[in-house]
Number of protein chains: 2
Amino acid sequence: MAIERRTTRQKEAIKAVLEEQAGPLLPDDIHRLAVKAVPSLGIATVYRSLKNLQEEGQVCCVEIPGQPPRYERTDKGHHHHFHCRNCGQVFDLQKCVAGGLKSLAPQGFQVTDHEIILYGFCKSCAA
Amino acid sequence: MAIERRTTRQKEAIKAVLEEQAGPLLPDDIHRLAVKAVPSLGIATVYRSLKNLQEEGQVCCVEIPGQPPRYERTDKGHHHHFHCRNCGQVFDLQKCVAGGLKSLAPQGFQVTDHEIILYGFCKSCAA
DNA sequence: GATCTATTGATAAAAGGTAATCACTATCAA
DNA sequence: TTGATAGTGATTACCTTTTATCAATAGATC
């Protein structure tokens, strides 16, 4: 039998944080933000909830090279990310240049998907 | 005073492996290949040499999201990578669509560099 | 060849992020 | 309200990659 899922303040707080925030967040960021709603929230619960939300398809993992995984809602559609070299924050990009990408692969290679990451300085840090 | 650098069979073997191989390699791959030339080679020496070669600018680090760092020569110029979802190998791509990329960033964002990673199946694994 | 000391190799240990444990709490159907 | 049990929180354990340790080895200079 499938495990009976219960609604808890902790899960709701974690989901709310992911709803509100635009870009992908680190487990630690999520914890720091969700603690405001549920002060007793432990980091273990954040990891557990993220795992569950991933299994349920509500949340997905975003990996920036050399950094631990971040998490974001899956309902944002295909997009890529910008990583600020100053503040470390990750922002969503709206558009995608996927069109020409497949042509980059050598003959015989089969491209199923791709990742584009821009690096630089975000609006606040560039100023 | 700067540290006096000595030429050793170990360092030569590690550099040779990086010369011969096309794509970026994991420290463990480098070790496995270089051991053929210097059977006593330890993994610690691979890490030490990679660190030195990086400082000297001869080698740079390639990071595929969710994977440990790989290393490759710096003399290959600007290029990106293809990661095979089957065999896990990483291949170099020759071309780059950098042209349109800066337009992806929001107003006020300053793009300094970028990363493109294609995923799929390499020639051998697609067959 | 002798000497100095950078380098090595085996190992232990660190670092960073994640998962397991377990007693306690709180959800929810009855 | 009650009872069964999913969920929680603090902590420990874990896992993988990387670095530190240290006695032994081996380049480079004379």
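Chain letters run A, B, ... following the sequence lines, proteins first and then strands; every chain starts at 1.
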Please state whether the phosphate of C:dT8, meaning OP1 or OP2, lies under 4.0 angstrom from any side-chain nitrogen or oxygen of B:Thr8.
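Yes.
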
Give me the one residue out of A:Ile116, A:Asp113, A:Val111 that meets side-chain contact (heavy atoms from CB on, under 4.5 Å) with A:Leu101.
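Going through the options one by one, the only one that passes is A:Ile116.
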
Round to the nearest Å and state the distance from [X] atom [atom1] to [N] atom [atom2].
X       : N      : atom1 : atom2 : answer
A:Ile64 : C:dG16 : CD1   : P     : 20 Å
B:Arg9  : D:dG27 : CZ    : C1'   : 11 Å
B:Gln10 : C:dA10 : CD    : P     : 11 Å
B:Glu12 : C:dT8  : CD    : P     : 11 Å
A:Gln54 : C:dA19 : CD    : C1'   : 14 Å
A:Lys51 : D:dT8  : NZ    : P     : 14 Å
A:Arg5  : C:dC28 : CZ    : P     : 13 Å
A:Asn52 : D:dG7  : CG    : P     : 7 Å

Would you mind telling me which of C:dT18, D:dA28, D:dT5 lies closest to the side-chain atoms of A:Arg6?
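Out of C:dT18, D:dA28, D:dT5, the nucleotide with an atom closest to A:Arg6's side chain is D:dT5.
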
The side chain of B:Pro69 lies closest to which of these nucleotides: D:dT18, D:dG27, C:dG17?
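Output: D:dT18.
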
5' priority, DNA chain D, between B:Tyr71 and A:Thr7 [closest heavy atom]
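The answer here is A:Thr7.
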
Hey, is the main chain of A:Tyr119 close enough, under 3.5 Å, to the side chain of A:Arg85 for a donor-acceptor pair?
no

If we ignore hydrogens and angles and just use 3.5 Å, is the side chain of B:Glu63 paired with the main-chain N or O of A:Gly66 as donor and acceptor?
yes

Between B:Gln94 and B:His79, does a side chain to side chain donor-acceptor pair (under 3.5 Å) hold up when you go through it step by step?
CA-CA 6 Å; B:Gln94 342 7 40; B:His79 67 282; over 6 Å; no

Is the count of non-hydrogen atoms from other residues, nucleotides or ligands lying under 6.0 Å from B:Lys123 atom NZ greater than 12?
no

Once you build an axis from the first five pairs and another from the last five of the helix from C:dG1-D:dC30 to C:dA30-D:dT1, how far apart in angle are they, to 10 degrees?
40°

I'd like to know if A:Arg70 pairs up with A:Asp29 as an ion pair, taking the criterion as any Lys NZ or Arg NE/NH1/NH2 lying under 4.0 Å from an Asp or Glu carboxylate oxygen.
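Salt bridge absent between A:Arg70 and A:Asp29.
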
If we count only N and O atoms by modelled type, under 3.5 Å, do the side chains of A:His81 and A:Glu72 hold a donor and an acceptor together?
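A pair is found: one side chain offers a donor N or O, the other an acceptor, under 3.5 Å apart.
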
Minimum-distance pair of heavy atoms, taken over all atoms of B:Pro27 and B:Val46
O-CG1, 3.6 Å

Looking at residues 21-48 of chain B, who's got a heavy atom less than 4.0 Å off DNA chain D?
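Hits under 4.0 Å, by residue number: B:Pro27, B:Ala44, B:Tyr47, B:Arg48.
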
Parallel, tilted or perpendicular: which one describes the rings of A:Phe82 and B:Phe109, with boundaries at 30° and 60°?
perpendicular

